[in-house]
Amino acid sequence: MKTAILGPAQRAEALARMAERELDILVVGGGVVGAGTALDAATRGLSTGLVEARDWASGTSSRSSKLIHGGLRYLEMLDFALVREALKERGLLLGRLAPHLVKPVPFLYPLQRKGWERWYAGSGVALYDAMSVSSGHGRGLPVHRHLSQKRALRVAPCLKRDALVGALQYYDAQMDDARYVATMVRTAAAYGAQVANRARVVGFLREGERVVGVRVEDVEGGGDYEIRAQQIVNATGVWTDDTQALIGERGQFHVRASKGIHLVVPKDRIHSSTGLILRTEKSVLFVIPWGRHWIVGTTDTGWDLDKAHPAASSADIDYLLEHVNEVLATPLTRDDVEGVYAGLRPLLAGESDATSKLSREHTVAHPVPGLVVVAGGKYTTYRVMAKDAVDEAVHGLDQRVADCVTEDVPLVGAEGYKALWNARARIAARTGLHVARIEHLLNRYGSLTEELLELVVADPALGEPLAHADDYLRAEAVYACTHEGARHLDDVLTRRTRISIETFDRGTRSAREVAELIAPALGWDDDQVEKEIAHYQKRVEAERESQRQPDDLTADAARLGAPDIVPL
C-alpha cells in the first residue's frame with residue numbers, strides 16, 4: 001500500500017478530482033466518524049470523497065478525554081451491549097489496528113466505604129475484565145486487582161489518607177484523538193479516498209426528492225465546486241441538525257450538545273504512578289496520565305451557544321478543581337493549570353433534561369433518498385458507526401458491494417511499528433537522536449517515523465527541539481504541513497502537536513518559530529506569517545478571557561472576540 005501524503009498540492013488535486021465525476025460515496029465531516037466512514041467505504045472498493053469545513057478533528061474529535069474505553073460506568077446502567085461492543089473495539093485498536101497510537105493506561109478507583117463497596121465495585125470491574133476477554137480481543141491488558149489502603153497510597157501517594165479505605169486498579173487505553181483522526185484520513189487516502197479539509201459544504205444538490213451532491217466552498221482558495229455522489233453521508237456530529245437544515249430536512253432525530261471541559265497540569269503536581277477515576281454527584285472524574293502532564297476532566301453540561309468554539313468558564317474550572325481536590329493531599333490551584341480545552345459531545349436527544357442521561361449510542365438514518373445521517377456514539381466505537389453508515393448507504397447503490405473489512409485494516413504507521421520499536425536504540429544511534437526522541441516519534445507516527453527522519457537527514461536543523469516546546473522536534477511542525485494536511489499555524493500548535501495545552505504560555509512563545517518553519521511548505525509570504533501569529537495570539541487571549549468569565553454566556557461572548565483564521 002502506498003502511503004498517502006496530504007500536502008497543499010494533494011488537497012487541490014483531491015478537490016478537482018471530486019468535482020470531475022460522480023463518486024459512489026461522499027462523506028461530509030472530518031471528525032473520527034467521518035474519517036472512519038471514508039476509510040470503510042474506500043476499503044470496500046467504493047469511489048469515496050471526504051470534505052471537512054475546517055481542519056481534521058477540529059471539533060469534538062480533538063477535544064475528548066483521549067480515552068479508548070469500554071465505558072465502565074455504563075455497566076451500572078445495565079447497558080451491557082454498549083460495553084461489550086466498546087471493549088471489542090478497544091482490543092482491536094490496541095492489538096491490531098493502531099498499536100502505535102493506542103496505549104494501555106492504569107486507573108485507580110478509591111473505595112470510601114468498607115465492606116459492600118469493595119464487593120459492589122469489584123464485581124463490576126471483574127465483569128468488565130470478563131467481557132473484555134470474552135470479546136476475543138481483550139487479552140492484551142492486565143486484569144484488575146484489589147489494593148489495601150496502604151498499597152493504594154504507595155501507588156498513588158498524592159491521595160489523602162482519609163479519602164480511601166482501599167482501592168481497585170484496572171486498565172483501559174488512551175490515544176491522542178486529533179492525531180488518530182489525521183492518521184485515519186491518511187489511511188483512507190492511501191486506499192484511494194479523495195480528501196480535502198477547509199472545504200465547506202454550503203448547499204445540497206437535488207433532483208426531485210433525491211439528494212445527488214453538494215456545493216463546496218474552498219475556504220482556502222475561494223473557489224466553488226459541485227461534487228456529485230450516489231450517496232452522501234452526513235457525519236457532522238454536533239452540527240448534524242445544521243447540516244440537515246441545508247436541505248430543509250430536520251431528520252428523524254435531534255442531536256444535543258453536551259460540553260465537557262478538561263484541565264492540563266504538569267506531571268509533578270500529582271504524585272502518582274496511575275491514573276485516577278473518581279465519582280462525582282453527576283458523573284465520573286478522570287485524572288489521566290498524558291506524557292509529562294495530567295489531564296483532569298470532565299464536565300457534562302448542556303450547551304446551545306457557539307459550536308465551533310465552545311468556551312470553558314471560570315465556574316467549569318472551579319468545578320473540576322474542587323472535585324479533584326477532595327481527594328488530593330496537595331490541592332491544585334489555578335496557577336497549576338497549563339491548559340484548558342472544551343469540547344462538545346453529540347448526544348441523541350431523549351426524555352431527560354440532563355445531558356449525562358442522554359444516549360451515548362449511535363443512530364443511522366436515511367431521511368431522504370441519497371442522504372444517510374449518522375450521529376451519537378462514542379469515540380471508541382467509531383468503526384462500528386462507520387460500518388453501519390456505509391451499510392446503510394450501500395442500499396442506495398446500484399452495484400454489489402463487499403462487506404466491511406476495517407476490522408483487519410491497520411492504520412498507516414501500524415505495519416512494522418513493533419519491529420521498529422524493538423530497534424529503537426539502533427535507530428537512535430544511526431540518527432544521532434536520543435532514544436527518548438525515537439520513542440516519542442514511534443508513538444506518534446509508528447513506522448511513518450522514517451519519513452520524519454528523512455526530513456532531518458535533508459536538514460539536520462529539523463532534528464532540534466522547538467525552543468519553547470521541547471517535547472517536539474522542529475521536523476514535526478514541517479511534517480504536519482507537508483504530509484498531514486495542516487494548513488495553518490493553529491492546526492499545528494493545537495492538533496498536530498498539543499503545544500497549545502501543554503505549555504503555560506499556551507503556545508504563544510512557539511508561534512513565531514513554528515510559523516517561520518512551515519511558511520515555505522505552505523507558500524506563505526512575510527505578511528501571511530504575521531497574520532498567522534497575530535491570529536493565534538488573539539485566539540489564546542480570547543480563550544484566557546473566556547476562562548475568567550463566571551458563566552457560559554459571558555465565556556462564549558469572550559471567546560468569540562477572536563475571529564477565525566484569515567484564509568490565504
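Predicted model, so just to flag it, every value in this text is computed and none were measured. Only heavy atoms go into these numbers, but all of them, side chains included; no hydrogens, no water, no symmetry mates.
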Passing candidate, side-chain hydrogen bond (donor to acceptor under 3.5 Å, both in side chains) with Arg269, options Asp335, Thr333, Asp336, Thr330 = Asp336

request  = Could you tell me which residues satisfy side-chain hydrogen bond (donor to acceptor under 3.5 Å, both in side chains) with Tyr479, sequence neighbours excluded, listed by chain and number?
outcome  = Arg186, Glu451

request  = Could you tell me whether the side chain of Ser314 reaches within less than 4.5 Å of the side chain of Pro550, counting heavy atoms only?
outcome  = no

message = Tell me whether the rings of Tyr382 and Tyr379 are parallel (<30°), tilted (30 to 60°) or perpendicular (>60°).
response = perpendicular

ask   = Heavy-atom count around Arg548 CZ within 6.0 Å, excluding the residue itself: above 12?
value = yes

inquiry  = Less than 3.5 Å apart, any donor N or O on the side chain of Arg509 or Thr503 sitting next to an acceptor on the other?
reply    = no

request  = Answer whether the closest heavy-atom distance between the side chains of Glu85 and Thr380 falls below 4.5 Å.
outcome  = no

key: Any residue meeting side-chain contact (heavy atoms from CB on, under 4.5 Å) with Ala428, in chain and number order, not counting sequence neighbours   = Val435, Ile438

query = Heavy-atom distance under 4.5 Å between the side chains of Leu466 and Leu517, does that happen here?
reply = yes

query = Relative to Tyr341, does Lys66 satisfy both conditions: NZ or CZ under 6.0 angstrom from the six-membered ring centre, and within 45 degrees of the ring's axis?
reply = yes

task = Count the heavy atoms belonging to other residues, nucleotides or ligands that lie under 6.0 Å from NZ of Lys267, then report whether that count exceeds 12.
result = yes

message = Looking only at the side chains, is there a donor atom on one of Arg383 and Thr406 sitting less than 3.5 Å from an acceptor on the other?
response = yes

task = Would you check, one step at a time, whether the test salt bridge (charged side-chain N to carboxylate O under 4.0 Å, His left out) holds for Asp318 with Arg334?
result = CA-CA 9 Å; Asp318 287 342; Arg334 287 287 187 110; 3.0 Å; yes

ask   = Quick one: are Ile277 and Tyr170 in side-chain contact, heavy atoms under 4.5 Å?
value = yes

key: Any donor-acceptor N or O pair under 3.5 Å, side chains Ser64, Asp177   = yes

ask   = Tell me, do Val284 and Tyr109 make a side-chain contact under 4.5 Å, heavy atoms counted?
value = no

request  = Tell me yes or no: between the side chains of Ser313 and Asp316, is some donor less than 3.5 Å from an acceptor?
outcome  = yes

inquiry  = Please enumerate all residues that pass ring pair (Phe, Tyr, Trp, His ring centres under 6.0 Å) together with His100, with sequence neighbours excluded.
reply    = none

request  = Check for a donor-acceptor pair, side chain of Thr449 on one end and backbone N or O of Tyr445 on the other, with a separation under 3.5 Å.
outcome  = no

message = Quick one: does any side-chain atom of Asp491 pair with a main-chain N or O of Arg487 as donor and acceptor, under 3.5 Å?
response = yes

ask   = Between Tyr472 and His440, is the ring centre distance below 6.0 Å?
value = yes

request  = Answer whether the closest heavy-atom distance between the side chains of Glu476 and Leu452 falls below 4.5 Å.
outcome  = yes

task = Classify the side-chain pair Arg559/Ser546 by whether it contains a donor and acceptor separated by less than 3.5 Å.
result = no

message = Is the shortest side-chain heavy-atom distance between His535 and Leu489 below 4.5 Å?
response = no

ask   = Is it true that a side-chain atom of Arg496 and a backbone atom of Glu484 form a donor plus acceptor pair closer than 3.5 Å?
value = yes

query = Hey, does the side chain of Asn197 reach the backbone of Gly485 with a donor-acceptor pair shorter than 3.5 angstrom?
reply = yes

message = Under a 3.5 Å distance rule, please check whether Thr508 uses its side chain to pair with a backbone N or O of Gln537 as donor and acceptor.
response = no

